[in-house]
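Within every chain, numbering begins at 1; the chains are lettered A, B, ... in the order of the sequence lines, protein sequences first and strands thereafter.
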Amino acid sequence: MAQLQLREAVRAALVEEMSRDADVFLMGEEVAEYNGAYKVSEGMRDRFGPNRVIDTPISESGFAGLGLGAAMNGLRPVIEFMTWNFAFVAIDQIINNAAKIRYMSGGQFSFPIVFRGPNGAAGQLAATHNTSVESIYSCFPGLKVISISNPDDAKGLLKSAIRDNDPVVFLESEFMYGMRGEVSEEEDYLIPIGKARIAREGDAVTIVGHNKSYWRAMEAAEMLEADGYYAEVIDPRTIRPFDWDAVVSSVRKTNRLVIVDESNPFASVSSEIAFQVQSRCFDYLDAPVRRITAKDTPAPYAKNLMTYYLPSAEDTYQACRDVLYLD
Amino acid sequence: MTTTTRAANVAAEVQGQSNGQQGREVERLSMTASFSRYPGDWYSHTDLGFSTEDVLAMYRSMLLQRRFEERSAQMYSKQKIAGFLHLYIGQEAISTGSVQALRVGHDTVITAYRDHGIALALGMSADECMAELFGRIDGCSKGKGGSMHFFCREKRLFGGHGIVGAHIPVATGIGFAHKYKGDGGVCICYLGDGAVWQGAFHESLNLAGLYKLPVVYVIENNQYAMGTSVDRAAADADLYKQSISYAMPGSLVDGMDVFSVTRAMRDHVALARENQPSVVEIRTYRYRGHSMSDPGKYRSREELEARKNQDPILRLKAYLLNGGLSTNEELDSVDRSVKREVNESVEFSDSSPLPPLEAIYDHVFTEEGFPFLR
């Protein structure tokens with residue numbers, strides 16, 4: 001195992017896949033000469049040259065669509081959005097073209113493409129730079145959505161995403177790029193898309209959290225352990241397709257579910273998890289499903305408000321105590 | 001233009017204006033842009049190296065598109081066809097003319113929702129096209145796309161796209177892949193006059209110009225974006241001039257003359273083969289409404305009738321007859337054979353099965369067994 005920052009793990013996946021397959025290329029704003037806005041692609045232009053690590057003008061709609069055309073005509077593009085907030089001007093390309101053209105062509109064309117970049121809150125940047133987009137893209141059949149929480153998953157899942165023959169929305173995080181973690185050095189380390197990870201076993205309550213929210217879930221589980229209760233923490237890792245079996249079998253064991261989700265609450269990933277769990281194992285639930293999400297507002301700027309806006313470990317811990325009827 | 005052409009070269013000089021104030025003179029900027037014009041009635045078939053048989057084949061191609069769409073309009077009123085049906089009638093010289101410049105099956109083609117004409121011109125069968133309009137399993141998109149979404153992997157037709165302008169970045173990427181793979185192919189991207197005012201068009205042209213991609217952006221200017229005429233939508237109604245900002249050649253073509261279209265497209269495809277993207281504005285006219293529900297009240301009957309006199313099919317017919325290349329009898333028999341082909345496509349489509357309900361889950365993903373929520 002190697003100790004890598006999350007950005008290095010993403011880079012390792014890109015470098016390995018580009019070395020393995022000449023059809024893979026990386027395109028985005030500042031990915032080449034600037035070495036990446038968050039230094040994910042540092043050194044890659046020197047290694048692969050300007051024809052495979054390609055800077056773009058600030059034209060998300062243009063280069064997202066360019067990636068789709070390239071995928072349609074036989075290549076395997078990786079399109080980097082500096083952040084997913086900026087992909088909103090390209091959302092027509094992702095929703096109408098990436099997700100739907102294959103279907104409308106009766107399966108004649110496919111889109112082996114990865115759209116990747118940091119998602120969700122990134123600090124005191126106010127409302128337009130703090131959006132969690134996973135529930136939006138998960139709405140549209142035809143897209144796969146992956147949201148990673150640690151360097152090992154970043155590497156194994158990005159490699160799988162690049163090899164996947166369908167369009168993948170791959171969600172990283174500015175806050176986690178510097179996070180270090182053990183990363184497998186196994187050759188061709190591939191983590192299957194659609195498989196959740198049971199990060200911590202327990203029997204008192206199931207906590208589901210992805211991306212940064214996974215860490216809130218783990219912190220809450222530790223706080224709960226001090227009370228003598230063991231939470232089972234599940235990182236779904238893939239939002240579409242979702243590993244329902246992992247969550248449902250855990251809830252059958254713990255009989256309680258708390259979801260941490262940095263999305264705004266309405267029609268969020270947590271909404272769908274709660275619906276699916278009640279319809280698949282209603283009789284096993286000993287308490288209503290609880291969720292901790294971002295507030296039902298745009299993200300604020302002021303530090304205290306932004307802290308209040310985001311899901312916290314404390315709120316998650318309290319929700320666990322609530323479903324255990326401890327107070 | 002890299003090839004010798006009889007196209008008139010028009011040089012436009014654009015000058016900044018002095019603000020007329022006293023004192024220090026404002027620096028005057030000037031630039032020269034070069035455009036080419038391909039007028040009608042300028043080229044003969046022999047200029048273009050066409051045999052009589054070639055011209056007859058082009059005539060048949062255009063007539064097939066015309067009769068196919070006339071029949072599909074009838075089938076629409078009989079409710080055999082649903083949804084939107086945008087007819088290409090009047091614009092057939094563009095599809096047929098530009099196919100003459102392509103290596104069909106190697107070069108790639110992508111267009112918007114008025115896509116029946118180019119599909120047939122590329123050699124897709126009337127059967128598979130009509131069956132798609134009928135929503136049947138034998139349709140070119142297996143009944144998943146309908147009128148606006150014809151696709152054919154074999155003929156390299158990359159759609160049929162329904163969102164105005166959204167396919168233009170895709171075309172740019174198709175061209176990118178041609179260059180990346182070095183396969184020598186070029187991509188022809190058709191778009192309407194309305195699509196010129198989408199940002200996607202401008203982002204695409206900039207990227208193509210920046211990366212030197214083998215794409216020809218063909219603006220089929222049929223004068224109306226739905227009910228909005230070009231002069232009500234464009235600050236500058238000369239759409240070919242959009243090429244200036246992206247350092248590309250631009251051309252203006254008479255789209256009612258199939259030979260002018262052929263000449264222009266050959267020149268522009270040749271540029272694309274050298275990785276020089278370009279813009280071609282082909283002025284044409286659609287005789288029918290924007291879609292079947294459009295009575296076309298935004299234009300006068302006189303305007304429509306005057307345009308019909310320039311009909312590209314009648315024009316080619318007159319060329320064939322006046323030049324002694326063909327006879328009325330021969331052209332009548334072409335018409336009969338086209339009508340037969342179209343009638344057979346209706347019978348074929350009527351007897352083609354509906355897609356089975358379970359097929360709704362096919363073609364969403366390449367992956368088999370995706371766990372859809374059910």
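- The greatest number of non-hydrogen atom pairs below 4.5 Å with chain A, out of B:His149, B:Arg156, B:Glu367, B:Glu203, is found for B:Glu203.
- Salt bridge A:Asp188/A:Arg163: present, at least one basic N to carboxylate O contact under 4.0 Å.
- Within 6.0 Å of CZ in A:Phe88 there are more than 12 heavy atoms belonging to other residues, nucleotides or ligands.
- When A:Arg240, A:Lys144, A:Gln276 are compared by the number of non-hydrogen pairs under 4.5 Å with chain B, A:Lys144 comes out ahead.
- Residue A:Asn165 touches chain B through both its backbone and its side chain, counting heavy-atom pairs closer than 4.5 Å.
- Note: B:Ala166 leads B:Gly145, B:Ala166, B:Gly139 in heavy-atom pairs under 4.5 Å with chain A.
- Judged by the 6.0 Å and 45° rule, B:Lys144 forms a cation-pi pair with A:Tyr103.
- For chain B, the option among A:Pro57, A:Gly62, A:Gly194, A:Ser110 with the highest count of heavy-atom pairs below 4.5 Å is A:Gly62.
- With respect to chain A, the highest number of heavy-atom pairs below 4.5 Å among B:Phe150, B:Phe176, B:Phe365 belongs to B:Phe365.
- Atom CG of B:Leu373 has more than 12 neighbouring heavy atoms from other residues, nucleotides or ligands inside a 6.0 Å radius.
- The candidate with the highest count of non-hydrogen atom pairs below 4.5 Å against chain B, out of A:Glu60, A:Arg102, A:Arg52, A:Gln93, is A:Arg102.
- Residue B:Phe372 qualifies as enclosed at atom CZ: its count of foreign heavy atoms under 6.0 Å is above 12.
- The environment of OH in A:Tyr189 is crowded: more than 12 heavy-atom neighbours from other residues, nucleotides or ligands sit within 6.0 Å.
- In this structure, chain A has a heavy atom under 4.5 Å from the side chain of B:Tyr211, while its backbone stays farther away.
- The candidate with the highest count of non-hydrogen atom pairs below 4.5 Å against chain A, out of B:Gly175, B:Gly185, B:Cys152, B:Pro371, is B:Cys152.
- The contact between A:Ala22 and chain B is made entirely by backbone atoms, counting heavy-atom distances below 4.5 Å.
- When the candidates A:Pro77, A:Pro141, A:Gly107 are compared by the number of heavy-atom contacts under 4.5 Å with chain B, A:Gly107 comes out ahead.
- A distance-only check finds a donor-acceptor pair linking the side chain of A:Asp261 to the backbone of A:Ser270 [under 3.5 Å].
- Looking at B:Tyr180, the atoms closer than 4.5 Å to chain A (heavy atoms on both sides) all sit in the side chain, from C-beta outward.
- Under the 4.0 Å criterion applied to side-chain N and carboxylate O atoms, A:Arg197 and A:Asp243 are not assigned as salt-bridge partners.
- For A:Arg252 and A:Tyr284, the positive end sits near the middle of the six-membered ring, less than 6.0 Å away and at most 45° from its axis.
- If you measure heavy-atom distances from B:Cys140 to chain A, the contacts under 4.5 Å come from the backbone alone.
- Contact of B:His161 with chain A is made through the side chain alone, with heavy-atom distances under 4.5 Å.
- Between B:Lys142 and B:Asp362 no salt bridge is recorded (no basic side-chain N to carboxylate O distance below 4.0 Å).
- For the pair A:Glu17/A:Arg76, no side-chain contact is recorded, criterion being any heavy-atom separation below 4.5 Å from C-beta on.
- Only the side chain of B:Leu210 has a heavy atom closer than 4.5 Å to any heavy atom of chain A.
- Contacts of B:Lys181 with chain A are made by side-chain atoms alone, with heavy-atom separations under 4.5 Å and no backbone atom involved.
- The pair A:Glu30-A:Arg45 fails the salt-bridge criterion, with no side-chain N (NZ, NE, NH1 or NH2) lying under 4.0 Å from an Asp/Glu carboxylate O.
- If you measure heavy-atom distances from B:Ile360 to chain A, the contacts under 4.5 Å come from both the backbone and the side chain.
- Contact annotation for B:Phe370: only side-chain heavy atoms (C-beta onward) come within less than 4.5 Å of a heavy atom of chain A.
- For chain B, the nearby part of A:Leu143 is the backbone; its heavy atoms alone come within less than 4.5 Å.
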